[in-house]
Amino acid sequence: MTWLIMGTILLGIIAGKIGILAYWLPYLDNISSLALAILLFGVGIELGRNKEIWQRLWQTGWKIVLVPAAVIAGTLIGSAIIGLLLEMPMNESTAVGAGFGWYSLSAGLIAKIYNVELGTIAFLANVFRELIAVMTIPFLARYFGGYLPIGPGGATTMDTTLPIINRMCGQEVALVAFISGAILSILVPVLVPLLIGMR
Amino acid sequence: MYFIIIPLFLGVAIGTTVKLEKIGIHLTNVLTIFGLIFLLFSMGLGIGGNEEIFRNLKQIGFKAFILALGSVIGSCLFLYIIDIRFFKSNNREV
């Protein structure tokens with residue numbers, strides 16, 4: 001999947017550079033709108049199907065919601081502060097953060113509804129987030145423990161970084177990581193457009 | 001906003017209420033991948049046609065990296081606080 005995503009973007013960049021699809025460009029907006037609608041429809045179905053998340057959430061207790069809430073607050077405040085240092089508008093920095101590591105969806109969304117440059121930043125920032133997560137989770141698990149190692153992964157703690165958390169922190173933390181990642185995933189397609197302030 | 005919210009909620013409504021057969025699940029996967037590929041391809045086209053992005057690639061990469069770092073550090077700080085405040089008793093000894 002990662003290679004498919006990377007390959008598609010790269011192919012697009014090459015096609016855009018040499019301009020072979022120049023006659024496409026007038027339709028690009030419509031085509032990508034349709035693609036976005038189809039994508040979000042599919043994402044919606046997949047998120048809706050995960051009913052077990054809500055059952056598990058109920059069984060584990062409401063306190064667990066504090067974990068994704070902390071990740072959301074930390075991510076948005078952290079990106080907003082970095083955004084201020086970079087002299088980026090707050091809506092841009094927080095929208096990039098609200099990708100929570102789901103780089104394909106957040107980058108595509110931002111490139112489509114805002115601009116390509118911020119889409120590129122969102123793509124790279126969220127790829128970096130996943131990479132940082134993969135590299136730091138073992139360290140954080142060893143030196144801090146608790147739920148803290150769930151922090152770096154964001155939405156990826158329900159899939160790509162879940163095996164690492166499971167291995168380093170055990171099943172109990174992994175279950176919380178899964179629930180947290182699922183809640184964050186649901187919020188990505190809602191929070192990103194909301195924060196960027198659609199016109 | 002509507003072209004984001006409507007398909008998303010329509011999808012969630014179908015996902016929660018309709019019990020999908022294997023073929024339906026497969027179709028959803030295909031739809032999602034198809035939509036994603038088109039969207040990312042058109043993002044690529046936009047990047048390729050935008051000289052400025054290439055000129056500023058270093059700067060864009062740097063911005064992206066420290067934004068990611070900020071998100072990670074912020075998340076860990078907040079989790080550290082709720083770990084101590086709410087979960088300390090049952091979790092620290094792990």
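Throughout, a chain's letter reflects where its sequence line sits, starting with A, and its residues are numbered from 1.
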Report which part of [X] has an atom under 4.5 Å of a heavy atom belonging to chain B: side chain, backbone, both, or neither.
{"X": "A:L140", "result": "side chain"}
{"X": "A:L66", "result": "both"}
{"X": "A:A107", "result": "both"}
{"X": "A:I81", "result": "neither"}
{"X": "A:I121", "result": "both"}
{"X": "A:I18", "result": "neither"}
{"X": "A:F123", "result": "side chain"}

Please identify, among [options], the residue contributing the most non-hydrogen atom pairs under 4.5 Å to chain B.
{"options": "A:L47, A:L131, A:V116, A:V96", "answer": "A:V116"}
{"options": "A:L76, A:L105, A:N115, A:L4", "answer": "A:L4"}
{"options": "A:A15, A:G16, A:S79", "answer": "A:G16"}
{"options": "A:I38, A:L39, A:L118, A:I45", "answer": "A:I45"}
{"options": "A:L34, A:I5, A:L40", "answer": "A:L40"}
{"options": "A:G19, A:G154, A:S32", "answer": "A:S32"}

Cluster link [X] to [Y], ILVMFWY, side chain under 4.5 Å:
{"X": "A:I179", "Y": "A:Y147", "value": "yes"}
{"X": "A:M90", "Y": "A:I82", "value": "no"}
{"X": "A:I77", "Y": "A:L194", "value": "no"}

**Request:** Report the C-alpha separation of B:F54 and A:I13 in whole Å, then their side-chain angles, then the decisive distance to 0.1 Å, and conclude whether the side chain to side chain contact (heavy atoms under 4.5 Å, CB included) test is met.
**Result:** CA-CA 11 Å; B:F54 285 93; A:I13 293 175; 3.5 Å; yes
**Request:** Please test A:I31 against B:F38 for side chain to side chain contact (heavy atoms under 4.5 Å, CB included), starting from the C-alpha separation and ending with a verdict.
**Result:** CA-CA 8 Å; A:I31 295 172; B:F38 259 89; 3.6 Å; yes
**Request:** Under the side chain to side chain contact (heavy atoms under 4.5 Å, CB included) rule, what do A:E46 and B:N29 come out as? Steps first, then yes or no, please.
**Result:** CA-CA 8 Å; A:E46 269 164 44; B:N29 272 330; 3.2 Å; yes
In terms of heavy-atom proximity below 4.5 Å to chain A, should [X] be classed as side chain, backbone, both, or neither?
{"X": "B:I53", "answer": "side chain"}
{"X": "B:L31", "answer": "both"}
{"X": "B:L69", "answer": "both"}
{"X": "B:I73", "answer": "neither"}

Between [options], which shows the greatest number of heavy-atom pairs under 4.5 Å with chain A?
{"options": "B:C76, B:S75, B:G35", "answer": "B:S75"}
{"options": "B:S42, B:G61, B:G15", "answer": "B:G15"}
{"options": "B:V12, B:V72, B:L45", "answer": "B:L45"}
{"options": "B:I82, B:V30, B:L67, B:I33", "answer": "B:L67"}
{"options": "B:I81, B:I37, B:I14", "answer": "B:I37"}
{"options": "B:L77, B:L57, B:L36", "answer": "B:L36"}

Using modelled atom types only, decide if a donor and an acceptor are shared between the side chain of [X] and the backbone of [Y] within a distance under 3.5 Å.
{"X": "A:R129", "Y": "A:P152", "result": "yes"}
{"X": "B:N56", "Y": "B:Q59", "result": "no"}
{"X": "B:N50", "Y": "A:E117", "result": "no"}
{"X": "A:N126", "Y": "A:A122", "result": "yes"}
{"X": "A:T157", "Y": "A:A177", "result": "yes"}

**Request:** Validate the cation-pi geometry between A:K63 and B:F87: distance from NZ or CZ to the six-membered ring centre under 6.0 Å, angle to the ring axis within 45°.
**Result:**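 That pair qualifies as a cation-pi contact.
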**Message:** Salt bridge check, A:K17 against B:E51: does any charged N sit closer than 4.0 Å to a carboxylate O?
**Reply:**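 Judged by the 4.0 Å cut-off on N to carboxylate O distance, B:E51 and A:K17 do form a salt bridge.
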**Message:** For A:T156 and A:T161, which I'm curious about, is there any donor-acceptor pair between the side chains at under 3.5 Å?
**Reply:**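 A donor-acceptor contact under 3.5 Å links the two side chains.
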